[in-house]
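We name chains A, B, ... by the order of the sequence lines, and we start the count at 1 in each one.
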Amino acid sequence: MIDYKAIESKWQKAWADAKIFEGEISNKKQYMVTAAFPYVNGPQHIGHLRTYGTADVLARYKRMHGLNVLYPMAFHATGTPVLAFAKRIRNGDEELKKELRMFHIPDEEIAKMTDPLYIANYFVGEIEKGMHLAGYSIDWRRKFVSIDANFSKLIEWQFDILNKKGYLIKGKHAVGWCPNENNAVGMHDTKHDVEPEIETETAVKFKVDGEDAYLICATYRPETISGVTNLFVNQDSRYALCRIAGQEGKYYVSKGSIQTLLFQMQIDEEREVHGNDLLAKKCINPVTKAVIPVLPGFSVKDDVGTGLVMSVPAHAPFDYAAIEKLEMEGYDTSSIVPIKVLSMPPGKIGGDIPALEYIKMAGALSYDENALEEATKLEYKDEFHFGIMDVEGFRGMKVADAKEKIKGDLIKSGDAIEIYELANESQVYCRCGSKVVVKMVDGQWFINYGDAGWKKLAKEVLSGANVLPEKSRSAFLSALDWINLRAAERAQGLGTRFPYEKSHIIESLSDSTIYMSFYTISNLIRDVDPEKLTGEFFDYVMLGRGDAESVSKSTGVDFGVVRKCRDSFSYWYTNTSRHSAPELIFNHLTMYMFNHAAIFSKDSWPKQIVVNGTVLSEGEKMSKSLGNIVPLTDGLEKYGVDPLRFTVVAGADLFSDSEFSDKAVNGVKERFEYLFEVTGKLEKLEAKELTHMDYWLYSKLNRKIRDVTGAMEKLELRNASTNLLYSTVIELKRYFARGGSNAITVRDYLSGITLMMQPIAPHISEELWHRLGNDTFSSTEKWPSADISMISEKAEEGEEILDSVIADAKQIIGLMEKKGEKKARSIRIIVAEDWKRDLQGAMAREKDMKKAIESLPDNLKEKGAKYAALLSKHMNELKEVPMVQEEEFLLLSESTVFLEENIGAKVEVEKEGESKSQRAGRAMPLKPSMDVS
RNA sequence: GCAGGGGUGGCAGAGCCUGGCCAAAUGCGACGGGCUUAGGACCCGUUUCCAUAGUGGAUGCGAGAGUUCAAAUCUCUCCCCCUGCACCA
C-alpha cells in the first residue's frame, strides 16, 4: 500500500526547503499562471481543486519546459458577503452555523465570526492551509488580500485612469431595495437566496374627460393600446390624486402602489379618492382618442403596478372574462366591443377575439383566475412570437418590434412613463423580513463597457489571446458585445473607497480586474507606507512612465524598491495565463479583458485564458444545501492528494463537469499501486538485447509522449490522464505477459510516465522518480520528448494481430464446444500468401477489380478473381497490407507460447502454400485461417 | 426572451472540427467462467439483434429530411436538457 501521507509531507517539505516554486527574475523565459482568487467567506471543498488544480497543472507543465514559472495566490474579501456573514452569525443563523460545522469549524471560532475582518483572516488561513496540502506550486511570498491598504492604491490608480479616459459615467439605475435597511439587495441578501428580477412596465396616461387629471395604467403590452376599450379599477380600494415629479398634470394612483412607486419617483398626494368614485369617469385613449368607460375589475390588485388596469378584451383573457362577468351581473357593457390589433399566421390560434379562443383552450369559461392566468401566459407568448401588427402606422410589423416602438413613441410624446416592478413569481423578502421593492438610484457611477472604442480594444485583447478550450471563444465574443453599463460602486461593503464618492466602496468585481498585475510587486512593497504608492509610482512601475529616480524622490519610496518593482512587472507581466470558471465569462473575464485594454500596453495584455468546469459528486452538483460537499482538507486526507487531483482535475476535459466518486478515486489508486509494484520489481530485471516486445513498448511510450504532450498543450487533461494511467497499466501488463523483461526498457518507460505524471500527480511522481534511482526533483526535470522514429506501426500492429488471432480462435473453439464437439487439442494457424497481399494492394490503389486481377500472374488469375470479388465488397475501405507473408509468419511462430497460453490449445503456424489443411485457402492477409482439431 | 454549451450503448464519457479502419475508445456496472475455505482483489469472456468453424448481415449515436459511393461525424428543420443574464461574488 502506498503511504500517501508520508509521501505528501516528505515532498511538500522538500519543495519548500528547496524553494523551487519561488518565482525570481532570471534570464529564462517567464510564464505566469493566475487563477481567480478565492473568496474568503468559507473554506474550500474539493470542487475548488478544479480551478486551482488545473492552474497548478499548467504551471508545473510549463516549468518542465524550461520556463521560469510563477504561480501566485491572493484572496478576495471585497464587497458585502463577509459583512452579511458576520451579521448572520450575530443573528444566530443556525443554517450558516450548520454549514460551517460541515467544515469542522469549532463552535468557539464560529462565535468569534461576528467581525468581518476576523472572518476574512480566519478563512485566508484555512484556504491557504488547504492549498498547501493540495500541493500547489504556489509562490506564497506574494500573497495579499483585496482589502489590504497598498492594494487599494493600485485600484485607485486604475479608477483614475478609467475616469480620465471617460469610461466612468454617472446615471440612474433600478435596483432591488430594502426599505427597512435602506440598502440595495442582491441575491444573497434575500430570503431563500432569490435574485430580485426587475422588469420594466409601461405606464400609460389616460386623460380623464373634462378633468385636468389622468388615470395611469401599467402594462406589459403597450402594443395593444389601440385595443383598449375601457379601464378597470378596484372599486373597494383607496386611490389618491397626486402629482408626479417631472410629469404634467395630476394622476390617480392606488394608495397601495404609491408606496412602492415612491422609490422610483417623487409622488405627492393631494387628496384621497375611493375606487368607487373613479367609476363615474370617462377617459380618452391617447392613441385612438376614443372615449372609454371605467369599470370595476375583479382581479385588479391595488399594490401592483399603479392599481389601475387597461382593458384589451380582444387580446387579454382576463379582460374579456371580466367584461362577460360584468354583463352577467347586470352591467351595461353594450358599448364595449373587442378591438383586434394584431393577427396571427395561419395555423396559430386566431379568430376575431383571440382572447376568447385562449380562454376556451385553457378551460377558463367561468371566471377562474388560475385558468385565466394560464390563458394569458399562452396568448402573450404566442402573440409576442408570431403576431403581426394590424393597426394604422404599424401594419405588418412584428409584435416584438412594435412593442418597443410603440412604447418609445408613447414615452416620447409624454403619454406614458416607464416604471419598474419585481417580476419574481412570489414576493421577494429581504433577510431582515421586509418586502423588497424596486428603487431608482440616482447618481450611480457606472463603468461604461458599452463605449465603442473601448469595446474594439477589448476585442483586440481577445483575438490576441489563446482561449482554452477554444470553443469557448464564441461565448467571449458575445460577452464582449453584450456587456454595457456596469455599476462601479455601492454604498456598503469592504474594499477600496470610490475616489469620486468617498462614502462608497468600489464594486467588488470591478476591483478585481487587474489585480493579477499586483502579484509582480506585492512581495516587494509589503513594508512600504501605502500613502507613498501614488499614481506616479504605478505609472512608472506598470506603464514605464517617468524614471525611477524622480519617482523615488517624489513618492518617497526607496529607489531600489522602485527599480525592482518596475523590473519585476516588466519581466513577469508579459506572458500570462488566466484561469477561471465558465460562469465568470460574462462578467469577470470580460471585464478583465476590458480593463487590461484600457490600462496596460499591449505587452501586458493576457496571452491565454483558460475556462474550466465544476465538479459533480456522484452525479449531483455539490452544494452546501444538499450537504454533499466534501471539504477540501477532508478529501485530501481521505483519498490522498494525488488520487484526488487525478480524479477531480484530470477526470474531465475543460469546460465539462468532472465526476467525483469513491469508485473513480479507487480506480486511480489501484493503478498507482501497480506502478509502484513494477518500479519495485525493476531491480530483479536485467539489461539485455532488445526484442520485439521492447520495440513495442518503446513504440507505445513514444506514441504516448507525443499524444500526452499534444493533449497537455490544449489542457485536455482527461485525454492526458487516461493515456498516462489507464493505458500505461494495460501496456505494462501486456509487456510482462508477452515475456518482456528488459530492465532498460522498463526503466525508460517508467521514467517517461513518471515525468509526464508530474503536473497532475506531483507527489507520486517525485516518489517514483526517486525510487527509479534519481536524486533530482521530477518537478524541475525536463518534460520528455517523443522520438517519433521509435513509433513502430508494425510492432504495434503485430500485437493487434495476435489479439485478433486469439479472439478468433477462442470464438471458433467456443462455438464448437457449444455444438457438443470435443475440446480442441491443437490449432493450425495458416498465413495468407503474398499474392493476396499484392492483390489487395493493387485494388486499394486502382479501385478497379479488373486491373488488379490483370496484375497477377496467369496461374493465379482464376483464384485471384474469386478473392478479388470478396474484397470488392469493401473496395473503398481497402488499404495496402503492411506485412508480407514471411513477417506475419515469423510474428506468429515466435509467439506460439503466448498464443497457446491464451487459446488453451497447442498452436502450429503454417504458410498457406505449404499447408495441407483444407481451410488453408481461406487465409487472408493479417487474418490467418485456422484449422482446429 | 436573449446569449452560450449540449443530447452517443445499463451509466459516465470519448469520437464530430479534418466523413470511410466506428457496433463506436476508456472507466464503471451487470452476467458467465477461472482463482479462492469464502468474500475482496485479480484474470478471461459476454453485455443491440440475427447468423456462424470464425473474418458476415441488419438496426443503430435526440427526431425528421438532405448531401455523398460512404454520415455519430457535413447541411437544414424540429424537439429536449444545462448554464449565464448585471451591480452579485
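Regarding contacts with the backbone of rA89(B), a side-chain N or O of Thr80(A) is found under 4.0 angstrom from either OP1 or OP2. Contact annotation: Ser474(A) side-chain N/O to rG5(B) OP1/OP2 distance is under 4.0 Å. Proximity of Lys471(A) to the phosphate of rG6(B): a side-chain N or O atom is located under 4.0 Å from OP1 or OP2.
Annotation: cation-pi pair Arg486(A)/Tyr449(A) absent, no NZ/CZ under 6.0 Å from the ring centroid and within 45° of its normal. Relative to the ring axis of Phe646(A), Lys669(A) does not place its NZ or CZ within 45° and under 6.0 Å from the centre.
With rounding to whole Å, Ile806(A) atom CD1 is found 16 Å from rU55(B) atom C1'. In this structure, CD of Glu470(A) is placed 15 Å from P of rC16(B), rounded to the nearest angstrom. In this structure, Phe476(A) places its CZ atom 16 Å from C1' of rC85(B), rounding to the nearest Å. Distance CD1 (Ile119(A)) to P (rA89(B)): 15 Å, rounded to an integer number of Å. The distance from atom CG of Asn448(A) to atom P of rA86(B) is 18 Å, rounded to the nearest whole Å. For the pair Asn719(A) CG and rA14(B) P, the interatomic distance rounds to 10 Å; values are reported in whole Å. Here the P atom of nucleotide rC2(B) and the CD atom of Glu404(A) are 13 Å apart, to the nearest Å. Remark: C1' of rG29(B) and CG of Asn666(A) are 15 Å apart, rounded to the nearest angstrom.
Counting any heavy atom pair closer than 4.0 Å across all strands shown, Ile483(A) reaches no nucleic acid atom. If you check every strand for non-hydrogen atoms under 4.0 Å, His76(A) touches sugar and phosphate atoms only. Within the 4.0 angstrom heavy-atom criterion, base atoms lie near Asp931(A). No engagement by Pro38(A) is indicated, since no non-hydrogen atom pair under 4.0 Å with the nucleic acid exists. At the heavy-atom level, Ser510(A) lies nowhere under 4.0 Å from the strands shown.
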Within the sub-3.5 Å range, which N or O atoms of nucleotides 71-76 of chain B have a protein N or O partner, and how far apart are they?
none

Review item, nucleotides 41-44 of chain B N/O atoms under 3.5 Å of protein N/O:
unit_1, atom_1, unit_2, atom_2, d
rC42(B), OP1, Glu670(A), OE1, 3.1
rC43(B), OP1, Lys733(A), NZ, 2.8
rC44(B), O2', Lys810(A), NZ, 3.2

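Comparing the C1' positions of rG7(B) and rA58(B) gives an interatomic distance of 25 Å, to the nearest angstrom. The gap from the C1' atom of rA38(B) to that of rU52(B) amounts to 40 Å, rounded to the nearest Å. Rounded to a whole angstrom, the distance from the C1' atom of rU59(B) to that of rA51(B) is 15 Å. The gap from the C1' atom of rA25(B) to that of rC16(B) amounts to 14 Å, rounded to the nearest Å. On the P atoms, rC50(B) is 48 Å away from rA3(B), given to the nearest whole Å. Separation of the P atoms belonging to rC44(B) and rC35(B) is 15 Å when rounded to the nearest angstrom. Remark: the separation of the P atoms in rU73(B) and rA65(B) is 14 Å, to the nearest Å. Annotation: rC80(B) and rC28(B) have their P atoms spaced 36 Å apart (nearest Å).
Listed nucleotides: rG84(B), rA25(B), rA53(B). Nearest to the side chain of Glu583(A): rG84(B). Among the nucleotides rG29(B), rG54(B), rG6(B), the one closest to any side-chain atom of Asp808(A) is rG54(B). When the nucleotides rC28(B), rA89(B), rU55(B) are ranked by their closest atom to the side chain of Lys927(A), rU55(B) comes out on top. Among rG29(B), rA89(B), rA53(B), the nucleotide with an atom closest to any side-chain atom of Ile812(A) is rA53(B). When the nucleotides rU26(B), rC28(B), rG54(B) are ranked by their closest atom to the side chain of Thr722(A), rU26(B) comes out on top.
Base-pair partner of rA23(B): not found among the strands shown (Watson-Crick or G-U wobble, both distances under 3.5 Å). Using N1 to N3 plus N6-O4 or O6-N4 for Watson-Crick, or N1-O2 and O6-N3 for G-U wobble, each under 3.5 Å, rU67(B) pairs with nothing. Within the shown strands, rC2(B) is the pairing partner of rG84(B) under the Watson-Crick or G-U definition, both distances less than 3.5 Å. Base pairing annotation: rA58(B) forms a Watson-Crick or G-U wobble pair with rU48(B), both donor-acceptor distances under 3.5 Å. In this structure rU18(B) sits in no base pair that meets the Watson-Crick or G-U test at under 3.5 Å.
For Tyr39(A) and Phe123(A), the gap between ring centers reaches or exceeds 6.0 Å. Phe75(A) and Phe37(A) have their aromatic ring centers separated by at least 6.0 angstrom.
When each of Met930(A) and Tyr726(A) is assigned the nucleotide of RNA chain B with its nearest heavy atom, Tyr726(A) is the one assigned upstream, toward the 5' end. Nearest-nucleotide positions on RNA chain B for Arg922(A) and Ser478(A) put Ser478(A) closer to the 5' end.
Counting heavy atoms from C-beta on, the side chains of Arg734(A) and Glu799(A) come closer than 4.5 Å.
Comment: Lys407(A) does not engage Glu223(A) in a salt bridge, judged by the lack of any side-chain N to carboxylate O separation of less than 4.0 angstrom. Salt-bridge formation is not detected for the pair Asp707(A)/Lys700(A): no Lys NZ or Arg NE/NH1/NH2 atom is positioned less than 4.0 Å from an Asp or Glu carboxylate oxygen. Electrostatic pairing of Arg703(A) and Glu793(A) counts as a salt bridge here, judged by a charged N lying under 4.0 Å from a carboxylate O. A salt bridge is defined here as a Lys NZ or Arg NE, NH1 or NH2 lying under 4.0 Å from an Asp or Glu carboxylate O, and Glu201(A) with Arg221(A) fails to meet this definition.
Taking the six-membered ring for Trp and thresholds of 30 and 60 degrees, His588(A) and Tyr515(A) have ring planes inclined between 30 and 60 degrees apart. Between Trp445(A) and Tyr500(A), the angle of the ring planes lies from 30° to 60°, which puts this pair in the tilted group.
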Could you list the donor-acceptor pairs under 3.5 angstrom formed between side-chain atoms of residues 476-483 of chain A and any protein atom two or more places apart in sequence or on another chain?
unit_1, atom_1, unit_2, atom_2, d
Ser478(A), OG, Ser474(A), O, 3.1
Ser478(A), OG, Ala475(A), O, 3.1
Asp481(A), OD1, Lys459(A), NZ, 2.7

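In terms of polar N and O atoms assigned as donor or acceptor, the side chain of Ser472(A) never comes within less than 3.5 Å of the base of rG4(B) in a complementary pairing.
The number of heavy atoms from other shown groups lying within 6.0 Å of NZ (Lys87(A)) does not exceed 12.
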